[in-house]
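Data first, discussion second: the structure below is written as structure tokens.
Index from 1, following the sequence.
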Amino acid sequence: MISTVLVANRGEIACRVFRTCRDLGISTVAVYSDADADALHVREADAAVRLPGAAPSETYLRGDLVVKAALAAGADAVHPGYGFLSENAGFARAVTDAGLVWIGPPPEAIEAMASKTRAKELLGIEPLTDVTASDLPVLVKAAAGGGGRGMRIVRELASLPEELKAASAEAASAFGDGEVFVEPYVENGRHVEVQLLCDTHGTVWALGTRDCSLQRRHQKVIEEAPAPGLPAALEASLLDTAVRAAKAVGYVGAGTVEFLVADGRAHFLEMNTRLQVEHPVTEEVYGVDLVALQLAVAEGGELPPEPPAPRGHAIEARLYAEDPAREWAPQTGLLHRFDVPREGRVRVDTGYVSGDAVGVHYDPMLAKIVVHAPTRAEAARKLAHALERARIHGPATNRALLVASLRHPEYGAPDTLDTGFYDRNLPALTTAPEGEAYAAVAAALSRAASRRGRFGGGWRNLRSQDEARTYGEHEVRYRPVRDGGYEVTAPEGVRVVSASPDRVRLDISGVVRDFDVARYGDGTVHVGPHRLTVRPRFPDPADQREPGSLLAPMPGTVVRVADGLAVGDQVIAGQPLLWLEAMKMEHRVIAPASGTLTALHAAPGRQVEVGALLAVVQTEAQEDKTV
């Protein structure tokens, strides 16, 4: 029997495994980097061991240090979670060689399937080698790992060498393995997968299908089980292929076989030899605890001949600290408040609580919000409502995008779902949410009430001009009135019922609504689900940059500068100049226009803050103005 489990991971998945261990009476050990010293998974573990450093390559990807940590803490088993070393056969062997129980598949199965190139060879699928224009578009993918890292779509043959290099660098950073390969790119297919669970006695469970088609940057955003609208014959084929793949390699434990479905056909993508991020939707539909079953299998337990019967529908939304309107740029900062209502079977898997900081070193996922209901439509409605009622104060998140996605007509008609959903709909999904203009009114009146309490003042016999305050695109105008309240002059149709520093009640065209308001020192105001930023009346001279300045869109590390790039070079619009790594993803910084590179302040390894000046590209028109 396992008595103590070390989780070779961090954040949400470490907390998830710890929760099951506590339920089973198993002690827990965390490992942590310096950046994670006060992280939730460290606080929740019974013991914790430091891995000196911050970058994944120095910490969570150091299998030797993780094994030493397990031995030092007295653990007798290691759970890898997902990502990092979860699909590393060498690490699995190091764990078992140290006399520890590996909660995962045999190293031989990992070697056969964890590398996408070797998995395809096993199934008789050859990757592309000599790519020609007739093969385009193609997809460059990392052989190890997943989550969209080390993946690039290539539509022009000339860009293939650069994309191969970028994907390899990103894969090496994220997984410790820079191997990449090329395969045909199927435009706008459905991403469907099968959950497997296998024991050491030959029993293989296929726990239905999941649809993970809503993705950004090849990383999943909304997942659900079962995959809706699949023809019965196609679904049976997917389940059969997944079971055959597992049996072919003597698979043990939890794993997932992924497919791209297009034109009624299923194309094998990969087998993930680990627990998936989206495993909760399968748990909710089948009424099982996959982590508990992983532990039971690792102890030699035997699964029943057949899995439980599925029931209802489950949907999971990944809540990210990112700005979808700014090319999904990850965000950092203090999470002042993090509160998701859990009524009605709302499940929240997270590695954060109020007061935690979101840093630059790791994936920007804050939580997975999961809802189970009798039907798909009910699950989508409940999940959107829970997200809308959540209070998430701090960095910008994709919360509004998730709500809009779940309520979008295309999502409501699953037959039209595919991986191109955000390519088609992102502009509409990132417009200002309904009600944001009135949230801005509440923010302005809350500030006015706060200032009145601190400084006195208010209505005067001699009427002065209206007060004005702008939040994003919303300008609010108001004036104090004789009874101590306020009159709103813009936008129209708003009457102030009451206003205090933390709550404002408005009558909007005859409908009374309450707005809770929270203001923080970083300049943000949170009004219900709305995150607002004050637009200054006058620009700060310190913020003025010369035209053509390229600023860091996020805090991160400069990992590469284009080969041979130097001040004085001529560059063309859209040309990649340098690459930033932030939150386990690489982000290209491109030339905004054709011109001359007049300054280059970036160098590989340099840490930059958001807004840091990286380079300057001066166009001919700008040069003429300086003459």
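Considering only heavy atoms from C-beta on, V608 stays 4.5 Å or farther from T557 through its side chain.
Distance OG1/T489 to CG/D466: 3.5 Å, rounded to 0.5 Å. We find the CE-CG distance between M365 and N398 to be 11.0 Å, quoted to the nearest 0.5 Å. Between L614 atom CG and L550 atom CG the span is 7.0 Å, to the nearest 0.5 Å. One distance of note links CG of D34 with OG1 of T59; it measures 8.5 Å at 0.5 Å rounding. Separating the SG atom in C15 from the NE2 atom in H41 is a distance of 7.5 Å, to the nearest 0.5 Å. Taking CG from L401 and CG from L429, the interatomic distance works out to 5.5 Å, rounded to the nearest 0.5 Å.
A salt bridge does not link R347 with E316: none of the charged nitrogens is closer than 4.0 Å to a carboxylate oxygen. A salt bridge between E581 and R560 is absent, with no side-chain N of the basic residue lying under 4.0 Å from a carboxylate O of the acidic one. Note on R495 versus E487: no salt bridge recorded, every NZ/NE/NH1/NH2 to OD/OE distance being 4.0 Å or above. Looking at R210 and E224, no side-chain N of the basic residue comes within less than 4.0 Å of a carboxylate O on the acidic one, giving no salt bridge. Under 4.0 Å is where a charged nitrogen must lie from a carboxylate oxygen, and between D323 and R531 no such pair does. Using a 4.0 Å cut-off between charged side-chain N and carboxylate O, R477 and E475 make a salt bridge. Salt-bridge check for R391 with D339: failed, with every basic side-chain N at 4.0 Å or more from each acidic carboxylate O. Ionic pairing of R376 and D211 is not present here: no N-O contact between side-chain nitrogen and carboxylate oxygen is shorter than 4.0 angstrom.
Here the closest non-hydrogen pair linking S446 and V517 is OG-CG1, 3.5 Å. What you find for S405 and Y422 is that their closest heavy atoms are OG-OH, 2.9 Å. Nearest heavy atoms, G150 versus E170: N-OE1, 2.6 Å. Residues F18 and A45 come closest through the heavy atom pair CE1-CB, 3.7 Å. Between S86 and R274, the closest heavy-atom pair is OG-CD, 3.1 Å.
With hydrogens and angles disregarded, a donor-acceptor distance shorter than 3.5 Å links the side chain of Q215 to the backbone of C212. No donor-acceptor distance shorter than 3.5 angstrom exists from the side chain of D507 to the backbone of V496, with no hydrogens or angles considered. The main-chain N or O of P330 is never found under 3.5 Å from a side-chain atom of E322 such that the two would form a donor-acceptor pair.
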Exercise. Show your working on side chain to side chain donor-acceptor pair (under 3.5 Å) between Y411 and N425 and close with a plain yes or no.
Key: CA-CA 11 Å; Y411 188 79; N425 299 309; over 6 Å; no
Exercise. Would you sort out whether E223 and R318 count as a salt bridge (charged side-chain N to carboxylate O under 4.0 Å, His left out), showing the intermediate values?
Key: CA-CA 8 Å; E223 303 107 334; R318 299 191 193 185; 2.6 Å; yes
Self-check item: Residues R152, H218; criterion side chain to side chain donor-acceptor pair (under 3.5 Å); working and verdict
Solution: CA-CA 9 Å; R152 298 288 191 279; H218 311 291; over 6 Å; no
Exercise. Kindly indicate, with the supporting measurements, whether the criterion side chain to side chain donor-acceptor pair (under 3.5 Å) is fulfilled by S33 and Y362.
Key: CA-CA 11 Å; S33 68; Y362 311 111; 2.6 Å; yes
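E12 pairs by the salt bridge (charged side-chain N to carboxylate O under 4.0 Å, His left out) definition with K368, not counting sequence neighbours. D423 meets the salt bridge (charged side-chain N to carboxylate O under 4.0 Å, His left out) test with no other residue; sequence neighbours excluded. Scored by the side chain to side chain contact (heavy atoms under 4.5 Å, CB included) test, T397 finds L319, L366, I392, R399 as partners (sequence neighbours excluded). Remark: R407 engages E388 in a salt bridge (charged side-chain N to carboxylate O under 4.0 Å, His left out) (not counting sequence neighbours). Take H191 and apply the ring pair (Phe, Tyr, Trp, His ring centres under 6.0 Å) test, not counting sequence neighbours, and it matches no residue. Evaluation of the salt bridge (charged side-chain N to carboxylate O under 4.0 Å, His left out) rule for E492 yields no partner, not counting sequence neighbours.
Classification of the Y520-H526 ring pair by plane angle, with boundaries at 30° and 60°, yields perpendicular.
Residue R345 qualifies as enclosed at atom CZ: its count of foreign heavy atoms under 6.0 Å is above 12.
If you look at F84 and Y60, their ring centroids are closer than 6.0 Å. Taking the centre of each ring, H408 and F421 come in below the 6.0 Å mark.
Side-chain polar atoms of R519 and S450 form a donor-acceptor pair below 3.5 angstrom. Donor-acceptor pairing under 3.5 Å is lacking for the side chains of T598 and Q618.
Both cation-pi conditions hold for R216 and Y320: the charged atom is under 6.0 angstrom from the six-membered ring centre and inside a 45 degree cone around its axis.
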